[in-house]
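I'd like to ask some things about the structure below.
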Protein chains: 2
Amino acid sequence: MEDRHKQIKSAQLRSDILKQLYFKKTLLYSELSLIYNKSIPVINKIINQLIKDGLVAEVGYAASSGGRRPQMYSVKTNAMYIMAIAMDQFCTRMMIVDMQNNPVTNTQLVELPLNDNANALPQLISCINSCIAKSGINKTQILGIGIGMPGFVSVSDGINYSYLDAGDQKLTHLIHKAIGVPVYIDNDSSLIALAEQKFGAAKLKDQAMVINLGWGIGLGMIVNGEIFRGSNGFAGEFSHIPLSEDGALCLCGKQGCLEAEASMLVVTKKAIEGIKQGKLSSLQSFINEPLERIATAIFEAIAIGDQYVIELLSDAGYKIGKALAILIHIMNPQTIVLSGRGTKAGKIMLAPIQQALNKYCIPRLAGNTELLISTLGFDAELLGAAALVMEYLDDDILNAHFKQKQQPMDKTSV
Amino acid sequence: MEDRHKQIKSAQLRSDILKQLYFKKTLLYSELSLIYNKSIPVINKIINQLIKDGLVAEVGYAASSGGRRPQMYSVKTNAMYIMAIAMDQFCTRMMIVDMQNNPVTNTQLVELPLNDNANALPQLISCINSCIAKSGINKTQILGIGIGMPGFVSVSDGINYSYLDAGDQKLTHLIHKAIGVPVYIDNDSSLIALAEQKFGAAKLKDQAMVINLGWGIGLGMIVNGEIFRGSNGFAGEFSHIPLSEDGALCLCGKQGCLEAEASMLVVTKKAIEGIKQGKLSSLQSFINEPLERIATAIFEAIAIGDQYVIELLSDAGYKIGKALAILIHIMNPQTIVLSGRGTKAGKIMLAPIQQALNKYCIPRLAGNTELLISTLGFDAELLGAAALVMEYLDDDILNAHFKQKQQPMDKTSV
DNA sequence: AAATCTTATTTAATTTTTTTAAAAAGTATT
DNA sequence: AATACTTTTTAAAAAAATTAAATAAGATTT
């Protein structure tokens, strides 16, 4: 039971206001005053302190309806930097962003298979190091490294139970020690959900389910305005719910999992098989290429309206829709967002998903849930990884970087 | 997004401390100080005020490991009363309890079918009135009426969209006006979950799923230590998730709903049918009785180990287990509690449910979830209804009943 | 049983925090 | 340019909470 009633003291509002500015881009005194239920002078004091520390800047004036125009405040772009990393089963992307989420490096793409790869962790570490080196940014200027990864990730423990085994250490600690910058990890789908909630299609939504259409089918849950992780951090294991009694065999060992029936990986494999058996498709020339290429080819096929690919995706969509019907019955979300690298495929799936919802959902529930397409697409996970670092920001971390200048004593003697 | 950061001022702690005392039975200064992060003098002040108002009493001393023994405090038993009402499709139970949940009336049982019964609402109101009259308690002494009912209930709107149509008024307002006492309604399964969380098997659990084994199969969700209701108040519609493609036809019009395969109602009907076709069972002599009697007979059959009944329940249990596997994958709960009037049947179902979980759940998830039997049983909904009233208690309501005595002014002139 | 040690509660004083009020600064309208 | 209005800053006042000290009362030791 959540019994501990914490009281936010304004002295501990510094980091919170900074977060607020990061997520909302720009804010006024009056808005901050409303958000925190504090009087303007209290906000004024903190903002002035943040400006003195070089963290926040005035960025012009907002409109006024007659009267002095209010100052807008933002985090200073180059006050600090964040490293964002998005991993999937085969590939890892990373970049460094400033305090307004502008990339300050290119997105580095590394082939880094996670499965049965004892070398994955050292490889990841060396990539991070070289990316930072190339950027020319001092490590002390980096607030943290946020990493999204597939698998059973416990955020609170800093451990991934599926990949990147760190022995008896915490994965976060190990990388932190190796790089010298704090590390935060999370499940890829949760980060996509975080990104959609903060910057994307689920913005300002309190109850949203974000489907990560990647090689698998992930689920990131926004519950009561926050990422929901369940009691062990494993909530949202959507892809392995038992859907059909005698379905395809899944990698997890069970039968009839959603993932085994409708994931991008399965669609891709079906496409290859179908083409080999004579189906006509624009994919034909790609069937011997690596998966990563085929995925791109599928998106291109969608763009030109390839009938066979659309047929396969529709079929997958209908199955996802049936699973979403279950999800809606349990969670009664306001919004479902189709996101992740497969966002483009999601557009094709919208209709069959809606069809399945109509069939399998009680109308009162289906009617109350909107089905949206990500506005962030493939970038969602990276944005989420950056947001993760900011989510964890607190006054201790902030003070470690920006010591509040000691006020000169008024009393002449101690 | 939950942005409003509320600060608890000690002046507004009165009702909260009273709630705390109601739910925890008895507390010490030191415990309250920890719960609210307030110093002892602050707690001391509020408790003294509550004692002066006649709401709280000292109830002896706790043990000490050397030193003065601390005072224990409780809500005064007869400070106020709560009316608790539990409705199901066919029957309604009601009672009045004091501030320590002791019944001060017998449990009144009324036959009150909800389906196609335009008279249900007036009937309910007259029952409530006569129950209060019989109790001899003054209406001003009743803090509120908590009602659990099946159907699509919106707690925040005070409306039941399935039964007890109140026209263009809110159901809660209508009853409030008719009786003259504030009314709070909730879904039956949510109230059972509330009861289990506050007083039962899910006590102190932050993530718990409570299955309401009634005539249907309900779900009350405890998420992050609080009852979860989703965006429209309809979360936990567990009984109508699509389980099998070609299952039995459900009352909701769809096929293969969990409820249509495994609810008590279905088990009962199957039992009647089976016996008619020659199955041997202790139920034989009951098959022409009303449902309410048959339910009792089934519980008796369980007690004497009736093989046919146990077989039917095992079968239902396995199906419930499969549905629970889905729930565990999505929510990753710490605890699942089988509760409601069918708690006794739940005991028989434990084994087949666990079996289904082992088959359909990823081991890491199933292994982290404990499966428990309610400790409250048939009383859960009534207890939850009472708890609901207390959950809604705030300083405004409290002050309406117990005006804080005006402190005599120190200044002689204004 | 007296002395000593612990722990609890109450009271008073101090400190911290927050708000209110007033002044100053800046815009828009007339 | 004068007026009306809004925002920001500063200063003063009020409110709230904590600390510290004093008192109370039970437990332990001698």
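Protein chains get the first letters and strands the later ones, always in sequence-line order, with residue 1 at the start of each. This is a predicted model, so every value here is computed, not measured.
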- Query: Nearest to the side chain of Arg68(A), which nucleotide is it out of dT10(D), dA25(C), dT10(C)?
  - Reply: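 Closest nucleotide to the Arg68(A) side chain: dA25(C).
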- Could you state the CD-P distance from Glu58(B) to dA8(C), rounded to the nearest angstrom?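 Rounded to whole Å, this separation is 15 Å.
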- Item | Minimum-distance nucleotide (side-chain atoms of Pro41(A) versus dA17(D), dA21(C), dT10(C)) |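 Of all the options, the side chain of Pro41(A) is nearest to dA21(C).
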- Message: In this structure, how many angstroms lie between the P atom of dT9(D) and the CD atom of Gln49(A), rounded?
- Response: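 From Gln49(A) CD to dT9(D) P: 14 Å.
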- Query: Nearest to the side chain of Val42(B) - dT9(C), dT7(D), dA17(D)?
  - Reply: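 Minimum distance to the Val42(B) side chain belongs to dA17(D).
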- Query: To the nearest Å, how far apart are Gln71(B) CD and dT10(C) C1'?
  - Reply: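 Taking CD of Gln71(B) and C1' of dT10(C), I get 13 Å after rounding.
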- How is Leu28(B) classified with respect to the nucleic acid when contacts are heavy atoms under 4.0 Å: base, sugar-phosphate, or nothing?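 It contacts nothing in the nucleic acid.
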- Message: Categorize Tyr61(B) for me: base, sugar-phosphate, or nothing, with a 4.0 angstrom heavy-atom threshold over every strand shown.
- Response: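 The residue Tyr61(B) makes no contact with any strand.
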- Message: Closest approach to the side chain of Ser39(B), judged atom by atom: which nucleotide of dA25(C), dT20(C), dA17(D) is it?
- Response: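 Within the option list, the nearest is dA17(D).
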- Could you check which of dA8(C), dT9(D), dT8(D) has an atom nearest any side-chain atom of Asn48(A)?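 Nearest listed nucleotide: dT9(D).
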- Map Tyr29(A) and Gly67(A) onto DNA chain D by nearest heavy atom, then report which one ends up closer to the 5' terminus.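 Checking each residue's closest nucleotide, the 5'-ward one belongs to Gly67(A).
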- Task: Check whether any side-chain nitrogen or oxygen of Asn44(A) sits under 4.0 Å from OP1 or OP2 of dT8(D), and answer yes or no.
- Result: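 Answer no for this pair, as no side-chain N or O of Asn44(A) is under 4.0 Å from OP1 or OP2.
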- Once the angle between the rings of Tyr184(B) and Tyr392(B) is folded into 0 to 90°, is it parallel (under 30°), tilted (30 to 60°) or perpendicular (over 60°)?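 Tyr184(B) and Tyr392(B): parallel rings.
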- Task: Mind checking the CG-CD1 spacing from Leu32(B) to Ile43(B)? Nearest 0.5 Å is all I need.
- Result: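 Going from CG on Leu32(B) over to CD1 on Ile43(B), the span is 5.0 Å.
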- Provide, to the nearest angstrom, the distance between the CD atom belonging to Glu31(B) and the C1' atom belonging to dT7(C).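 Checked: the CD to C1' distance equals 15 Å.
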- Query: Rounded to whole angstrom units, what separation is found between the CZ atom of Arg69(A) and the C1' atom of dT8(D)?
  - Reply: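 After rounding, the gap between these two atoms is 15 Å.
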- Interatomic distance where CG belongs to Leu27(A) and C1' belongs to dT7(D) [whole Å]: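 For the pair Leu27(A) CG and dT7(D) C1', the rounded distance is 16 Å.
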- Task: For Tyr36(B) and dA16(D), give me the distance from atom OH to atom C1', rounded to whole Å.
- Result: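 The answer, rounded to whole Å, is 18 Å.
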- Message: Expressed as a whole number of angstroms, how long is the span from Lys38(A):NZ to dA15(D):C1'?
- Response: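 The distance from NZ of Lys38(A) to C1' of dA15(D) comes to 13 Å, rounded to the nearest Å.
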- Task: Output all residues satisfying side-chain contact (heavy atoms from CB on, under 4.5 Å) with Asp396(A), sequence neighbours left out; order by chain, then residue number.
- Result: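 So Asp396(A) forms a side-chain contact (heavy atoms from CB on, under 4.5 Å) with Asp394(A).
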- Just how far is it from atom NZ of Lys76(A) to atom CD of Glu58(A), taken to the nearest 0.5 Å?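 Going from the NZ atom of Lys76(A) to the CD atom of Glu58(A) covers 11.0 Å.
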- Starting from the 5' end of DNA chain C, give me the residue, Met72(B) or Ile40(A), whose nearest nucleotide shows up first.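 First, find each residue's nearest nucleotide; the 5'-ward one identifies Met72(B).
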- Identify whether the distance between the nearest side-chain nitrogen and carboxylate oxygen of Glu391(A) and Lys198(A) falls below 4.0 Å.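 Yes, this pair counts.
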